[in-house]
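Ligands are counted one by one from 1 in listed order, and the atoms in each one are counted from 1 as well.
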Amino acid sequence: MLIAICVIGIFGVITIALAAATLGTLNRRFDTITATTTTSKAKLNSPLAETIRIDDLMNHLRQLQRIADESNGNRAINTRGFNETVNYIYNYLQNQVTGLKVKRETFQIRNFALAKDPILLSLINGTVKNFTYSLNLARSEFTYVNYSTAINFPDYVRVVNIPNLGCTADDWKNVAGLVALVKAGGTCTYAEKGILAANSSIRALLFYNHGETSNSLAPIITRLRYNNQLPALFLSYAAGQALADAALVGATVKLQIELQNLGTYPVDNICADTVDGDPTQTIVVGSHTDSVPAGPGINDNGSGTAANLVLATNLARLYQTATYNKYKYRVRFCWWAAEEIGLAGSSHHVRTAQSATVVGDRLRDYLLNLNFDMAGSPNFIFGIYDAKTAINGTPSSALPGSTKITELYRDWFIKQNLPWDFRDFNGRSDYGPFLAAGIAAGGVATGSDAIKTAAQREKYQKSVGENNAGFAGAILDPCYHLACDTLTNIHLFGYENLVQAAAYGLEYLGQHANLSGYLYPTGRP
Ligand SMILES: *[C@@H]1O[C@H](CO)[C@@H](O)[C@H](O)[C@H]1NC(C)=O
Ligand SMILES: *[C@@H]1O[C@H](CO)[C@@H](O)[C@H](O)[C@H]1NC(C)=O
Ligand SMILES: *[C@@H]1O[C@H](CO)[C@@H](O)[C@H](O)[C@H]1NC(C)=O
Ligand SMILES: *[C@@H]1O[C@H](CO)[C@@H](O)[C@H](O)[C@H]1NC(C)=O
Ligand SMILES: *[C@@H]1O[C@H](CO)[C@@H](O)[C@H](O)[C@H]1NC(C)=O
Ligand SMILES: *[C@@H]1O[C@H](CO)[C@@H](O)[C@H](O)[C@H]1NC(C)=O
Ligand SMILES: *[C@H]1O[C@H](CO)[C@@H](O)[C@H](O)[C@H]1NC(C)=O
C-alpha cells in the first residue's frame with residue numbers, strides 16, 4: 001500500500017514503540033495459530049470462495065519471500081527482486097494451462113539521483129543565509145524530496161506561506177509564480193500536497209516539519225509522485241519556521257537542484273484475461289507487485305499478489321468444469337507495478353485505456369475494479385472500502401456501483417458471522433485511478449498503519465475468538481513498510497477468510513444477470 005501521510009510524523013513514534021512492543025508477542029502467538037474457522041462460521045455457499053485454501057496462498061508467499069531473500073531482502077521496483085516477482089507471476093500463469101490470456105504491459109519510470117548537494121539560499125532584509133544540506137538529519141537544515149525536478153533559479157523568488165497545511169485546493173489560491181512553504185501534517189500525503197501545488201503554478205515547493213514534538217524537528221525524507229513536475233525540498237522545523245516568519249515581511253529564496261541524468265527504467269504490469277465473457281463488459285481485479293525498498297513486502301503487497309494469483313487460477317479451473325456457471329463478463333486479473341511510488345502501474349493502465357481503440361482494452365469496456373492490497377495483516381480487521389468516503393471529486397457515475405460493492409461485502413461478512421469494519425476509500429491504492437475515471441470500484445483489506453481500538457478488539461473477540469481478536473492499541477500491521485514484513489507477518493485465519501470474501505465478491509458480480517444495470521442504474525459513463 002502506498003502511504004506517506006503527514007501525520008505519521010506526529011504519531012510515528014508512538015506507533016513504532018507499540019509495534020516493537022507487540023510484535024514479539026504477536027509472532028509468538030502466530031506460531032500456534034492455524035487457519036481453522038470458528039464453529040459459528042456459516043457455510044460459504046460460494047463455489048469460488050470454497051476453492052480458497054490458505055496453503056495455496058502461503059505457497060505463493062513462500063516463493064515471494066524466497067525472491068526477496070535472494071535480492072537484498074526486498075522486491076522494490078528497479079531491483080532484481082521486483083523483476084523476479086513479475087517473472088514468477090507471468091510464468092506461473094503461463095505454466096498452469098489455465099486458459100487465461102497473459103500479457104505484459106511495459107512502461108518507463110524516471111530514475112532519480114542527485115548530481116550534487118542541492119543549495120537553498122534565503123535573502124531576508126538584505127542578508128543572505130546559506131542553509132545546511134545534509135542526509136544526517138540531526139544536523140540538517142534541509143534535504144531533497146525524492147522525485148523533485150531539477151532547478152536553478154537565476155534570481156531570488158518571493159516565499160509565500162500556504163495556510164491550513166495545504167490539504168485543500170483553497171489553500172493554494174493566488175500563489176502562482178512564488179515559492180510555496182507548507183508545513184507537515186494534516187489529513188493528506190506529501191504527494192497529495194504536491195499535486196495541489198503543481199496545479200497552482202508555483203515555482204518550487206518547500207515542506208517543513210511541524211515541530212510539535214521533539215521527533216518532529218528534523219527534515220523528513222519523503223517523496224512526491226513519480227510523475228511530479230515541481231522542484232521540492234524539505235526543511236527542518238527551525239529553518240522552516242524562521243522562513244515562514246520572514247515570508248510575512250517579504251523573504252525571498254534561491255534554489256539549485258541538479259540531477260544526474262539516469263534516464264528511465266522499464267517496469268511491467270501483468271494482466272491475465274479469461275477467454276470467456278464479453279470483453280466490452282470487463283471486470284478488472286487488481287493487486288500490486290512491488291514492495292517498498294525497506295523490506296520483502298510479504299503482507300504489503302505479497303498477500304494481495306498471491307490472493308490475485310489464487311483467484312485467477314482457481315476461477316480458470318472452475319471454468320474447466322462442466323458445472324460452474326461461467327460469467328457473462330470477461331475478467332481481467334492484473335498485477336500492477338510501482339504502486340509504492342504513486343500508483344504508477346494502475347495509472348499507466350487507465351491512461352492507456354483512455355486512448356485505446358482495441359475493443360476490450362478501452363476504458364469504456366471496464367465495468368468495475370476490485371482491488372486487494374494487504375490481505376493478511378497480523379492484527380487484522382476485515383476492512384471494506386466504504387464508498388460513502390470516496391475521495392472528493394470522484395465522478396458521480398462511479399458512486400452507485402461502488403456503494404453496491406461496499407454493501408455486498410458487508411452483507412457477506414454479516415452472513416458469515418464474521419466481524420467487519422469500513423475503511424476509507426481515499427484513492428491511495430490502485431483502485432484510485434479507476435475511481436477517478438468514473439469506474440465503480442471496491443475491495444477488502446486487512447489494514448496497514450491504523451491502530452486497532454478496544455471496541456474493535458472486543459467485537460472481533462466475540463465473533464472470531466480470543467486467538468483471532470488481536471491486540472487493542474496496536475497497529476494493524478506492526479511490520480508495515482518494515483524489514484520484518486516477512487512470512488511470519490501473516491495472520492493465517494485473517495488471510496484465508498479475507499480472500500474467501502474477495503472470491504465471493506468476484507463471483508457475485510460475475511454471475512449477476514445485469515451487472516451494467518446494477519452498477520450504473522442511469523447508464524454507463
Ligand atoms: C529488470 O528487467 C528489465 C527488463 O524488463 C531490465 O531492463 C532491467 O535491467 C532489470 N533490472 C534488474 C535490476 O535486474
Ligand atoms: C527515490 O525513490 C526510488 C524509488 O523508491 C529509489 O529507487 C531511489 O533510490 C530514491 N532516490 C533517492 C535519491 O533517494
Ligand atoms: C552555499 O553552501 C554551499 C555548500 O557549502 C556552497 O557550495 C555554495 O557556494 C554556498 N553558496 C553561497 C552563495 O554562499
Ligand atoms: C486547479 O486549479 C484551478 C484554478 O486555477 C481550480 O479551478 C481547480 O479546481 C484546481 N484543480 C485541482 C484538482 O485542485
Ligand atoms: C527586517 O527589517 C525590518 C525593518 O528594518 C524589521 O522590522 C524586520 O523585523 C526585519 N525582519 C527580519 C526577519 O529580520
Ligand atoms: C439492465 O438494467 C438496466 C438498468 O436497470 C436496464 O436499462 C437494462 O435494460 C437492463 N438490461 C438487460 C439486458 O436486462
Ligand atoms: C496492496 O495492493 C493493493 C492492490 O493494489 C492495494 O489495494 C493496497 O492498497 C496495497 N496496500 C495498501 C495498504 O495500499
Side-chain angles (χ1 to χ4, degrees), residues 67-68 70-91 102-124 126-136 139-144 151-157 219 233 235 239 243 251-258 262-271 277-278 280-281 289-291 293 327-329 335-338 340-341 344-345 348 367-368 397 399-401 403-404 440 509-525:
I67 289 168
E70 290 168 8
S71 320
N72 298 319
N74 73 71
R75 301 182 300 105
I77 50 167
N78 202 22
T79 68
R80 172 160 176 253
F82 174 73
N83 280 11
E84 293 294 316
T85 300
V86 171
N87 291 341
Y88 173 74
I89 295 167
Y90 187 84
N91 294 336
V102 193
K103 265 194 317 218
R104 284 176 190 262
E105 181 180 62
T106 303
F107 61 101
Q108 303 291 325
I109 299 277
R110 176 162 66 94
N111 215 346
F112 176 91
L114 290 170
K116 55 181 223 176
D117 290 356
I119 294 175
L120 173 64
L121 303 169
S122 68
L123 178 62
I124 300 169
T127 307
V128 172
K129 173 174 158 59
N130 195 345
F131 289 82
T132 306
Y133 166 80
S134 176
L135 282 178
N136 175 354
R139 56 180 205 83
S140 170
E141 285 186 304
F142 77 100
T143 183
Y144 64 84
I151 194 77
N152 190 2
F153 281 6
D155 299 305
Y156 283 88
V157 177
L233 298 172
L235 278 65
L243 195 56
T252 57
V253 290
K254 212 169 175 178
L255 274 72
Q256 193 184 328
I257 303 173
E258 212 176 296
L262 294 179
T264 60
Y265 57 89
V267 293
D268 288 353
N269 288 330
I270 292 178
C271 290
D278 178 357
T280 70
Q281 299 193 71
T289 40
D290 58 321
S291 76
Y327 312 164
K328 277 172 33 187
Y329 319 103
W335 290 262
W336 310 120
E340 300 287 0
I341 59 165
H348 171 82
L367 275 179
L368 73 131
S397 64
L399 293 178
T403 303
K404 296 263 178 40
L509 295 162
Q511 293 181 340
H512 201 284
N514 184 352
L515 189 52
S516 169
Y518 172 72
L519 297 173
Y520 304 94
T522 59
R524 282 166 77 179

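A donor-acceptor contact shorter than 3.5 Å is absent between the side chain of Tyr265 and the backbone of Arg110. Asn269 places a side-chain N or O within donor-acceptor distance of the main-chain N or O of Gly345, the cut-off being under 3.5 Å. Panel note: side chain Lys328, backbone Ala513; a donor-acceptor pair is recorded below 3.5 Å. Tyr520 places a side-chain N or O within donor-acceptor distance of the main-chain N or O of Ala440, the cut-off being under 3.5 Å.
Residue Val128 does not touch ligand 3, judged by heavy-atom distances below 4.0 Å.
Near Asn83, the atoms of ligand 1 lying under 4.0 angstrom from a non-hydrogen atom of the residue are 1 (C), 2 (O), 3 (C), 8 (C), 10 (C), 11 (N), 12 (C), 14 (O). Which parts of ligand 6 touch Gly517 is read off a 4.0 Å heavy-atom cut-off, strictly below it: atoms 1 (C), 2 (O), 3 (C), 4 (C). For ligand 1, the atoms lying closer than 4.0 Å to a non-hydrogen atom of Pro266 are 3 (C), 4 (C), 7 (O).
By the definition of a contact as any protein heavy atom under 4.0 Å away, atom 14 (O) of ligand 6 is in contact. Contact annotation for atom 7 (O) of ligand 1: protein present (non-hydrogen atoms, distance under 4.0 Å). For atom 4 (C) of ligand 3, the protein comes within 4.0 Å by no heavy atom at all.
Using modelled atom types and a 3.5 Å distance limit, the side chains of Asn136 and Ser134 yield no donor-acceptor pair.
Screening Thr85, Asn83, Asn87 for a side-chain contact (heavy atoms from CB on, under 4.5 Å) involving Ile67 leaves a single residue, Thr85.
Protein heavy atom at the shortest distance from atom 11 (N) of ligand 6 is Asn514 ND2, 2.8 Å. Counting protein heavy atoms only, atom 2 (O) of ligand 3 is closest to Asn130 ND2, 2.3 Å.
His348 and Phe107 have parallel rings, their planes meeting at less than 30° on a 0 to 90° scale where 60° marks the start of perpendicular.
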